[in-house]
Amino acid sequence: MAQVGYSKKVLEHFLNPRNVGTIENPDGYGKVGNPVCGDLMEMFIRVKDDIITDIKFRTFGCGSAIATSSMVTEMAKGMHVDQAMKLTRDDVANELEGLPPQKMHCSNLAADALHEAIKDYKRKKEG
Ligand code: FES
């Protein structure tokens, strides 16, 4: 796989993904589909005083989607929701030491699902 441009960090997160699973009655939930490949991503967050205290994801996406979601959940845990809202796919890809260009669309899923989960949290909070 190295010859198609995956960093060691991508492979490590793909083989050993963090925060896989679901959260029952989450404070925020986001689900997005990837228009390029049709894959799906779900993100669940637990929030206390606007800080993301727990986060889990579930995906039918490819290896890059798994690696980027694993990375984004690690980055977002402990973050203020407004700060996490600003995480972009580029932040995630940079943290993973790059993704092959043909796989950048996969990293949209992780950031978008996180943003949807935060929007859902804010909607619920405003009631
Ligand atoms: Fe679908 Fe990567 S190919 S998420």
Side-chain angles (χ1 to χ4, degrees):
M1 273 204 261
Q3 63 271 50
V4 288
Y6 290 105
S7 71
K8 270 203 189 118
K9 227 165 163 185
V10 172
L11 290 177
E12 205 273 310
H13 274 270
F14 167 58
L15 295 171
N16 188 18
R18 331 290 198 264
N19 304 311
V20 176
T22 60
I23 294 176
E24 234 177 278
N25 302 318
D27 297 311
Y29 168 74
K31 179 177 173 183
V32 292
N34 191 324
V36 180
C37 60
D39 289 336
L40 272 183
M41 168 79 63
E42 291 177 291
M43 206 57 88
F44 306 76
I45 54 173
R46 174 81 58 225
V47 185
K48 193 164 191 297
D49 299 329
D50 281 350
I51 302 291
I52 298 174
T53 56
D54 198 12
I55 177 163
K56 294 261 192 283
F57 77 92
R58 189 161 67 172
T59 186
F60 298 101
C62 67
S64 295
I66 292 171
T68 47
S69 331
S70 169
M71 190 76 239
V72 99
T73 56
E74 282 219 310
M75 290 167 87
K77 205 184 254 187
M79 255 188 193
H80 191 282
V81 284
D82 291 341
Q83 199 186 352
M85 200 65 196
K86 290 189 199 126
L87 281 175
T88 66
R89 70 173 199 177
D90 292 329
D91 293 332
V92 181
N94 288 343
E95 195 67 29
L96 282 169
E97 293 158 11
L99 273 177
Q102 68 273 29
K103 282 291 176 183
M104 279 307 282
H105 73 91
C106 310
S107 63
N108 281 337
L109 276 183
D112 287 354
L114 171 64
H115 297 163
E116 285 306 314
I118 294 170
K119 282 189 213 156
D120 181 46
Y121 161 71
K122 292 201 166 191
R123 267 195 302 268
K124 284 184 183 154
K125 199 176 130 186
E126 280 155 22

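Atoms within a ligand are numbered from 1 in the order they appear, just like the ligands themselves. Quick note: numbers below take in every heavy atom, side chains included, and nothing from hydrogens, waters or symmetry partners.
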Rounded to the nearest 0.5 Å, what's the gap from CD1 on I66 to OG1 on T59? Could you check?
6.5 Å
Do any of the N/O/S atoms of C37, backbone or side chain, fall under 2.8 Å from atom 1 (Fe) of ligand 1?
yes
Taking NZ in K56 as the centre, count heavy atoms belonging to other residues, nucleotides or ligands within less than 6.0 Å. Is the count above 12?
yes
Between the CG atom in N108 and the OG1 atom in T88, the distance rounded to the nearest 0.5 Å is 9.5 Å
Can you tell which part of L109 has a heavy atom less than 4.0 Å from ligand 1: side chain, backbone, both or neither?
side chain
Is K103 in contact with ligand 1, taking contact as a heavy-atom separation below 4.0 Å?
yes
Which of V72, L109, L114 passes side-chain contact (heavy atoms from CB on, under 4.5 Å) with M41? Answer is L109
Between K86 and D91, is a side chain to side chain contact (heavy atoms under 4.5 Å, CB included) present by the stated rule, with each step listed?
CA-CA 9 Å; K86 290 189 199 126; D91 293 332; over 6 Å; no
Closest protein heavy atom (residue, atom, distance) for atom 4 (S) of ligand 1
D39 OD2, 3.4 Å
Atom indices of ligand 1, in the order listed, that fall short of 4.0 Å to a heavy atom of A65
4 (S)
Specify whether an N/O/S atom of H105 falls short of 2.8 Å from atom 2 (Fe) of ligand 1.
no
